[in-house]
Amino acid sequence: MNKYLVWFRNDLRIHDNPALHYACTNPEALVSGVFVATPKQWEKHFVANCQINFIYKNLLELKKNLLEIQIELIIHTCKDFIESADWIFNFCHRNKISKLYFNRQYEYNEKKRDNLVKLKLHNITECITFNGNLLISPKQIMTQKIKNYRVYRPFLKRCTKIFSKNILYILPPPKIRKYSTIKNNLLEFDRCEIFNNKKYNYFLPGENYALKKLKKFVDTKLNNYHINRDFFSINSTSQLSPYLTVGALSASRCLYLIKKNSKNFTNEKNPGLFKWYSELIWREFYQHLMIAYPFLSMSEPFLKWTNKICWENNPKYIKAWKNGSTGYPIIDASMHQLKQTGWLHNRLRMISASFLVKNLFVDWRIGEKYFISHLIDGNLSSNNGGWQWSASTGTDSAPYFRIFNPILQGKKFDHYGNFIRFWIPELSAVPDHCIHFPHNWAVENNIKIHYPAPIVQYKTSYIKFRTAYLYAKNNLK
DNA sequence: ACGAACTTGAA
DNA sequence: TCAAGTTCG
């Protein structure tokens, strides 16, 4: 009897999963699933504990869902990618697997691992791979001159053209298998220490929950998304990024709903929908960018000459930024939320990134690494893209003279200071109009607040960065 | 090859 | 206005 194996990686779902779907088209075959955890690899790349925890919890849900269609999910732990490639090879060899199915990953190390597996399995097991994670395959989206897009807007326009022309299919989950591969229906996760950590319960795991959450967002928040999305204290975004990262939800499922909700999803008549769609394409854009320019995943800036900037990297400043004790409430509140929940609104990511780079004059890569090591939705390409955008080192990034003023941003988007009071209770007595910079108010009213003084002055600190940036640009480009 | 366009800001 | 080069059709 034919034995097929589905190798799950960042696609922990049964809906819209090409590898799983096509492995199951032969009703006679024996289909099993496998996931290989690689703790050392994760550690080396600073994957956040909350994300690892989230992966395990999602695996549990995946296992349950696969159980219902009589497919066993084997979970094995290896050290790193190299070892996992060996293990997959041995597994296929030992169990006489005739076909191995998986959805492609395009990152540098992942691709290297997969090529190794393919090479080893040559003449033993047929490897069948799919694009299960991107909305569009890398080669299918090129400029007229057959070059990779470097600028977001034309990329978006091209995507829109393609998507409105093509019909989008969402693959259903497989039907119950004729022959079961279930050996045990125990959910053997209890020994995983991280999994038992009760600290991380902000995002409920699982594909079923993600689909419900998506539907609820589309039904209740999508229409006003463009108006509400920037106000980070009112929960107006979809908060689906963790599910997209582990693949409990596919981006194409989101696109499918977008198309379903509007015949012409590009139409300005649907501004909320269009805005959300364009955010989804940002995610896509940064992935394509990293595929085209792998050096982006190796701590290299897009603009090479920015390597010549002499970052100050003051350890005191770095520590204060990480701990949320900079004396700028919006920054400190953000850093508290990041540490405690593993999630931050995108605007807050931008404000705190801008502050680290352009006020504290710290190398953006230090911030990039810190975010990855704390984010539940941490994703190499989006995180890197966002940081390079903020630091003005990317190809399509904010101009260096564009800087977020943490006080003004706070006043604009957290007008009543609700967000700040939630994360910094020490400031709860400060009146609304002073909460974004409470220091002067405290002095004038002779009130002692338990809150650090600002570590840098906004304006002078920015000039320092700007001077160094321009120096590198003009002299060393 | 020419010209339009270029996420998110602030003074 | 800062500030301006590059990308893309």
Peer 1: What is the minimum heavy-atom distance between Gly327(A) and His439(A), and which atoms define it?
Peer 2: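 Heavy atoms of Gly327(A) and His439(A) come nearest at O-NE2, 2.8 Å.
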Peer 1: Which of these passes salt bridge (charged side-chain N to carboxylate O under 4.0 Å, His left out) with Asp219(A): Lys216(A), Lys221(A), Lys215(A)?
Peer 2: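 By the salt bridge (charged side-chain N to carboxylate O under 4.0 Å, His left out) criterion, Asp219(A) pairs with just one of Lys216(A), Lys221(A), Lys215(A): Lys215(A).
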Peer 1: Whole angstrom is fine here: how far is it from CZ in Phe401(A) over to P in dA3(C)?
Peer 2: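 Taking CZ of Phe401(A) and P of dA3(C), I get 8 Å after rounding.
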Peer 1: Please report the distance, rounded to the nearest Å, between CD1 in Ile463(A) and C1' in dA10(B).
Peer 2: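 Atom-to-atom, Ile463(A) to dA10(B), this comes out as 14 Å.
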Peer 1: Atom OH of Tyr400(A) to atom C1' of dT6(C): distance rounded to whole Å?
Peer 2: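 These atoms are roughly 16 Å apart.
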Peer 1: Taking only residues two or more places apart in sequence, or in another chain, which ones meet Asp377(A) in a side-chain contact (heavy atoms from CB on, under 4.5 Å)?
Peer 2: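 For Asp377(A) the side-chain contact (heavy atoms from CB on, under 4.5 Å) partners, ignoring immediate neighbours, are Ser241(A), Pro242(A), Thr245(A), Trp343(A), Arg349(A), Leu375(A).
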Peer 1: For DNA chain B, what string of dots and brackets results from 5' to 3' when Watson-Crick and G-U pairs need both distances under 3.5 Å, crossing pairs get [ ], and pairs with another strand get |?
Peer 2: .|||||..||.
Peer 1: Write down the protein N/O and nucleotide N/O pairs, taken from nucleotides 7-9 of chain C, whose separation is under 3.5 Å; answer none if there are no such pairs.
Peer 2:
residue, atom, partner, partner atom, Å
dT7(C), OP1, Arg150(A), NH1, 2.9
dC8(C), OP1, Arg150(A), N, 2.6
dC8(C), OP1, Val151(A), N, 3.2
dG9(C), OP1, Tyr149(A), OH, 2.4
dG9(C), OP2, Gln144(A), N, 3.2

Peer 1: Is there a side-chain polar atom (N or O) of Lys412(A) under 4.0 Å from OP1 or OP2 of dG9(B)?
Peer 2: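 Yes, within the criterion.
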Peer 1: In whole angstrom, what separates Lys411(A)'s NZ from dA10(B)'s P?
Peer 2: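 After rounding, the gap between these two atoms is 12 Å.
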Peer 1: Expressed in angstrom and rounded to an integer, what is the separation of Leu303(A) atom CG from dA4(C) atom P?
Peer 2: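 About 15 Å, once rounded to whole Å.
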Peer 1: Before you tell me yes or no, could you show the steps for Glu110(A) and Arg9(A) under salt bridge (Lys or Arg N to Asp or Glu O under 4.0 Å), namely the whole-Å CA-CA distance, both residues' side-chain angles and the distance that decides it to 0.1 Å?
Peer 2: CA-CA 10 Å; Glu110(A) 282 78 354; Arg9(A) 296 101 67 88; over 6 Å; no
Peer 1: Within the 4.0 Å heavy-atom criterion, would you say Asn346(A) contacts the bases, only the backbone, or no part of the nucleic acid?
Peer 2: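 Base: the residue Asn346(A), judged by heavy atoms under 4.0 Å, touches a nucleobase.
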Peer 1: At under 4.0 Å, does any side-chain N or O of Arg402(A) touch on OP1 or OP2 of dC6(B)?
Peer 2: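 Checking Arg402(A) against dC6(B): no side-chain N or O falls below 4.0 Å of OP1 or OP2.
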Peer 1: Could you check how far CD1 of Ile403(A) sits from C1' of dT7(B), rounded to whole Å?
Peer 2: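 Between C1' of dT7(B) and CD1 of Ile403(A): 17 Å.
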Peer 1: Indicate the ring-plane relationship of Tyr469(A) and Trp305(A), choosing parallel, tilted or perpendicular according to the 30° and 60° boundaries.
Peer 2: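 If you compare the ring of Tyr469(A) with that of Trp305(A), the planes turn out perpendicular.
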Peer 1: What integer distance in Å separates Asn474(A):CG from dA3(C):P?
Peer 2: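 After rounding, the gap between these two atoms is 11 Å.
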Peer 1: Without swapping roles, check the side chain of Arg13(A) against the backbone of Glu207(A) for a donor-acceptor pair under 3.5 Å.
Peer 2: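 No, because the side chain of Arg13(A) does not come within donor-acceptor range (under 3.5 Å) of the backbone of Glu207(A).
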Peer 1: Less than 6.0 angstrom from the centroid, inside 45 degrees of the normal: does Lys275(A) satisfy that with respect to the ring of Tyr225(A)?
Peer 2: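 Ring-cation test returns no.
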Peer 1: Any donor-acceptor pair under 3.5 Å joining the side chain of Trp389(A) to the base of dT7(B)?
Peer 2: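 Check fails, no donor-acceptor contact within cut-off.
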Peer 1: Given the P atoms of dA5(B) and dC2(C), what is the spacing between them in whole Å?
Peer 2: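 It comes out at 22 Å once rounded to the nearest Å.
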Peer 1: Taking Asn313(A) for its side chain and Asp363(A) for its backbone only, find out whether a donor-acceptor pair lies under 3.5 Å.
Peer 2: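 Yes: the side chain of Asn313(A) pairs with the backbone of Asp363(A).
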Peer 1: Could you tell me the separation between the CD1 atom of Ile281(A) and the P atom of dT8(B), rounded to a whole number of Å?
Peer 2: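 To the nearest whole Å, that distance equals 18 Å.
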Peer 1: Under 4.0 Å: is that the gap between some side-chain N or O of Asn405(A) and OP1 or OP2 of dA11(B)?
Peer 2: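 So the side chain of Asn405(A) is within the cut-off, an N or O lying under 4.0 Å from OP1 or OP2 of dA11(B).
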Peer 1: Assess Arg113(A) against Phe81(A): is NZ or CZ under 6.0 Å from the centre of the six-membered ring, and within 45 degrees of the ring's axis?
Peer 2: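 Flagged: Arg113(A) positioned over aromatic ring of Phe81(A).
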Peer 1: P atom, dG9(C) versus dT7(B): distance in rounded Å?
Peer 2: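 Going atom to atom, P in each nucleotide, I get 13 Å.
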Peer 1: Measure from the side-chain N and O atoms of Asn384(A) to the backbone N and O of Leu296(A), and report whether any donor-acceptor pair falls under 3.5 Å.
Peer 2: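 Checked: pair present.
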Peer 1: Using atom P in both nucleotides, what's the gap between dA4(B) and dA3(C) to the nearest angstrom?
Peer 2: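 The same atom, P, in both gives a distance of 24 Å.
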Peer 1: According to the 5.5 Å centroid and 30° plane-angle thresholds, does Tyr152(A) stack upon the nucleobase of dT7(B)?
Peer 2: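 A stacking contact does not exist, since Tyr152(A) is not both close and nearly parallel to the base ring of dT7(B).
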Peer 1: When we call it a touch if two heavy atoms are under 4.0 Å apart, what does Tyr462(A) touch: a base, just sugar-phosphate, or nothing?
Peer 2: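 Nothing, no heavy atom under 4.0 Å.
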Peer 1: Looking at the side chain of Tyr286(A), which of dT7(B), dC2(C), dA10(B) is the nearest nucleotide?
Peer 2: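 In terms of side-chain proximity for Tyr286(A), the closest of dT7(B), dC2(C), dA10(B) is dT7(B).
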